[in-house]
Amino acid sequence: MANEQNNFSEIIAHCKEYGYIFPSSEIYDGLSAVYDYGQNGAQLKKNIRDYWWKSMTQLHENIVGIDAAIFMHPLTWKASGHVDNFSDPMIDNKDSKKRYRVDHLIESHAEKLAFEGKKEEEFALLKSMDELLSKDDFGGLKNLIEQNKIKCEVSGTANWTDIRQFNLMFSTEFGSSVSGNEEDNKVYLRPETAQGIFVNFLNVQKTGRMKIPFGIAQTGKAFRNEIVARQFIFRMREFEQMEMQFFVKPGTEMEWYNYWKTERLKWHESLGIPAEKLRYHDHVKLAHYANAAVDIEFEFPFGFKELEGIHSRTDFDLKQHQELSKKKLQYFDNDLKEDGKPIGNYIPYVVETSVGLDRLFLTVISVAYANEKWTKEDGTEDSRVVLRIPAKIAPYKLAILPLVKKDGLPEIAKQLMNECKQSFHTFYEEKDSIGKRYRRMDAIGTPFCVTIDHQTKEDNTVTIRYRDTMMQERISLAEVKSILMEKIN
RNA sequence: GCGGAAGUAGCUCAAUUGGUAGAGCGAUAGCCUUCCAAGCUAUAGGUCGCGAGUUCGAGACUCGUCUUCCGCUCCA
């Protein structure tokens with residue numbers, strides 16, 4: 001356990017040291033639970049995102065991608081339940097440090113009153129609570145708690161903090177003109193990308209002439225005000241999701257749920273994530289919108305945690321949006337029933353796959369990172385830190401290294417670089433000994449190095465060196481590009 | 001938010017009882033040319049997290065503050 005913790009700090013340090021991830025606004029001491037991706041991190045993140053996008057849209061002809069705005073009409077979040085379900089007032093007991101939802105605390109006291117036969121007091125308490133809650137009168141609620149001498153079950157004291165509201169969503173002001181009422185201008189930064197897909201369901205279905213079943217994919221930033229946000233990029237306030245909502249005929253949702261459940265696990269394995277580090281975790285307690293839900297969990301250095309969620313969301317979202325927008329969000333199914341007539345209108349059911357891009361990034365890095373030590377043939381110790389990132393998503397695909405920086409070797413190397421850089425990301429380096437340069441490429445996860453030496457000038461061959469095995473072999477200079485193209489696809 | 005620990009160069013860490021900051025690695029430039037880090041030379045880089053106080057004098061002592069890490073609390 002201590003070892004794993006250690007390993008995790010090593011990974012975090014490595015990410016910073018080699019341009020993968022920096023704490024946000026670091027020169028100002030950072031901003032809690034916000035991180036920036038550096039030169040190598042941004043490239044890796046983009047490669048993962050592209051890989052996902054391609055596997056969703058290009059490899060499934062019935063899935064298309066969109067890019068909806070982060071700002072959405074405020075009613076969106078009323079419809080989704082985010083406004084009402086996730087902004088409960090909370091209160092802490094100063095002695096036990098235990099935190100309660102204010103309504104839960106008062107309700108459990110009311111139950112106690114009922115148990116004692118004090119029906120009238122119970123009724124009065126609940127009535128005043130509802131009134132105060134609807135007015136957001138936190139001072140009044142605290143008075144109510146104090147008047148009723150409601151105590152913490154753990155500490156047994158009535159030593160309470162002030163009531164505070166924890167909002168899941170970030171809000172900001174919309175429009176440059178200021179109305180008298182702040183609420184009029186209030187918009188939220190989306191806490192999930194899914195709603196951008198739901199509100200565009202009809203636009204995409206009609207303009208793309210999509211037939212059910214079909215999917216809409218999207219990647220993008222989302223924002224959540226987590227109460228506690230730690231564990232590096234695992235839980236951030238600003239993060240990126242990769243979501244696909246799959247619209248199906250009601251009654252067929254379990255079939256598709258199971259399809260995506262296996263499909264998504266296979267996809268993660270295709271990224272080189274070992275099967276034994278992945279597992280399903282079925283939700284027993286379901287969210288208000290779902291009739292089935294499973295997480296794909298990955299064994300992070302700090303334990304098995306959610307990487308991707310697959311939810312059968314029923315017709316909850318479309319139905320809600322239909323109700324609040326007063327627009328019909330239905331699909332006319334022209335497939336024929338047994339009686340020869342079309343099936344007709346219905347609100348589709350939705351199966352969602354939703355993976356955190358940052359979590360996937362951390363997964364890839366966790367799997368890739370290795371601090372290796374071994375004994376050389378002459379008996380001395382040797383070591384290296386290597387990121388075994390799969391070639392298809394590695395930031396740099398190839399490093400081109402002249403063995404020495406004279407005798408015309410850099411010229412040959414640069415010519416090769418010009419030939420390759422249109423096709424894939426290459427890195428050129430002529431400083432320091434060749435071994436040191438190999439180590440540097442290991443540390444940032446470059447899968448292949450090609451070294452130009454004096455023999456190159458004689459027979460047009462170069463050494464290709466493999467990051468994972470440290471093996472090397474001679475190949476033709478002319479074939480470098482085509483060999484690389486083959487290896488990274 | 002609470003409790004504990006820690007903040008000195010890019011990284012890892014030093015600096016005797018308070019006397020105006022050092023090393024290794026790394027980086028940069030040059031030398032050497034050698035297919036798996038740790039050869040030679042030179043250079044750069046720190047108002048010791050920030051603010052105040054005590055003192056002739058503070059990296060060190062006191063208070064405050066910020067940040068990070070660990071634990072608890074919360075998490076659709």
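Per chain, numbering begins at 1; letters A, B, ... match sequence-line order. All values below come from the heavy atoms of this structure, side chains included, with hydrogens, waters and symmetry mates left out.
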Can a cation-pi geometry be assigned to [X] and [Y], taking NZ or CZ under 6.0 Å from the six-membered ring centre and within 45° of the ring axis?
X	Y	value
A:Arg49	A:Trp52	no
A:Arg359	A:Phe234	yes
A:Lys45	A:Tyr37	yes

Taking pairing as Watson-Crick or G-U wobble with both contacts under 3.5 Å, can you name the mate of [N], or confirm there isn't one?
N	result
B:rG19	B:rC56
B:rA29	B:rU41
B:rU47	none
B:rU67	B:rA6
B:rC74	none

Rounded to whole angstrom, note down the [atom1] distance from [N] over to [M].
N	M	atom1	result
B:rU12	B:rU73	C1'	34 Å
B:rC61	B:rA6	P	11 Å
B:rA52	B:rC48	P	12 Å
B:rU8	B:rA44	P	23 Å
B:rA23	B:rG45	P	14 Å
B:rG59	B:rA38	P	39 Å
B:rC36	B:rG19	C1'	49 Å
B:rA76	B:rC69	P	23 Å

Length of the [atom1]-[atom2] vector between [X] and [N], whole Å:
X	N	atom1	atom2	value
A:His14	B:rG26	NE2	P	15 Å
A:Arg440	B:rC36	CZ	P	16 Å
A:Met169	B:rA76	CE	P	15 Å
A:Glu306	B:rA76	CD	C1'	10 Å
A:Asp432	B:rC32	CG	P	15 Å
A:Met441	B:rA37	CE	C1'	13 Å
A:Glu17	B:rA9	CD	P	13 Å
A:Phe302	B:rC70	CZ	P	10 Å

Report yes or no: is there a donor-acceptor pair, N or O only, under 3.5 Å between the side chain of A:Arg224 and the base of B:rC75?
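Flag unset: no donor-acceptor pair detected.
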Check whether the side chain of A:Arg439 and the base of B:rC36 form a donor-acceptor pair under 3.5 Å.
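Yes, a donor-acceptor pair under 3.5 Å.
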At under 4.0 Å between heavy atoms, what does [X] touch on the DNA or RNA strands: base, sugar-phosphate, or nothing?
X	value
A:Ile434	sugar-phosphate
A:Asp407	nothing
A:Arg384	nothing
A:Asp453	base

Where the side chain of [X] is defined as all heavy atoms beyond and including C-beta, which of [options] is the nearest nucleotide?
X	options	answer
A:Lys431	B:rG26, B:rU34, B:rU28	B:rU28
A:Tyr35	B:rA27, B:rC69, B:rU28	B:rC69
A:Lys16	B:rC35, B:rC11, B:rG30	B:rC11

So, A:Glu429 and A:Arg437, do they make that salt bridge, N to O below 4.0 Å?
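Result for this pair is no, no salt bridge flagged.
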Can A:Glu352 and A:Arg313 be counted as an ion pair, charged N to O under 4.0 angstrom?
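Answer for the salt bridge query: yes.
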Map A:Lys405 and A:Ser383 onto RNA chain B by nearest heavy atom, then report which one ends up closer to the 5' terminus.
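Its nearest nucleotide being more 5', the pick is A:Lys405.
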Toward the 5' end of RNA chain B, by each residue's nearest nucleotide, A:Val404 or A:Trp374
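The residue mapped nearer the 5' terminus is A:Val404.
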Under-4.0 Å side-chain N/O to phosphate OP1/OP2 contact, A:Arg437 with B:rU33:
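Looking at the OP1 and OP2 atoms of B:rU33, neither is under 4.0 Å from any side-chain N or O of A:Arg437.
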Within the distance-only criterion (no hydrogens, no angle test), does the side chain of A:Glu240 pair as donor or acceptor with the backbone N or O of A:Leu357 below 3.5 angstrom?
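Here the side-chain-to-backbone pair does not exist.
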Keeping the roles fixed (side chain from A:Asp453, backbone from A:Thr456), state whether a donor-acceptor pair exists under 3.5 Å.
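Pair found, side chain donor or acceptor close to backbone of A:Thr456.
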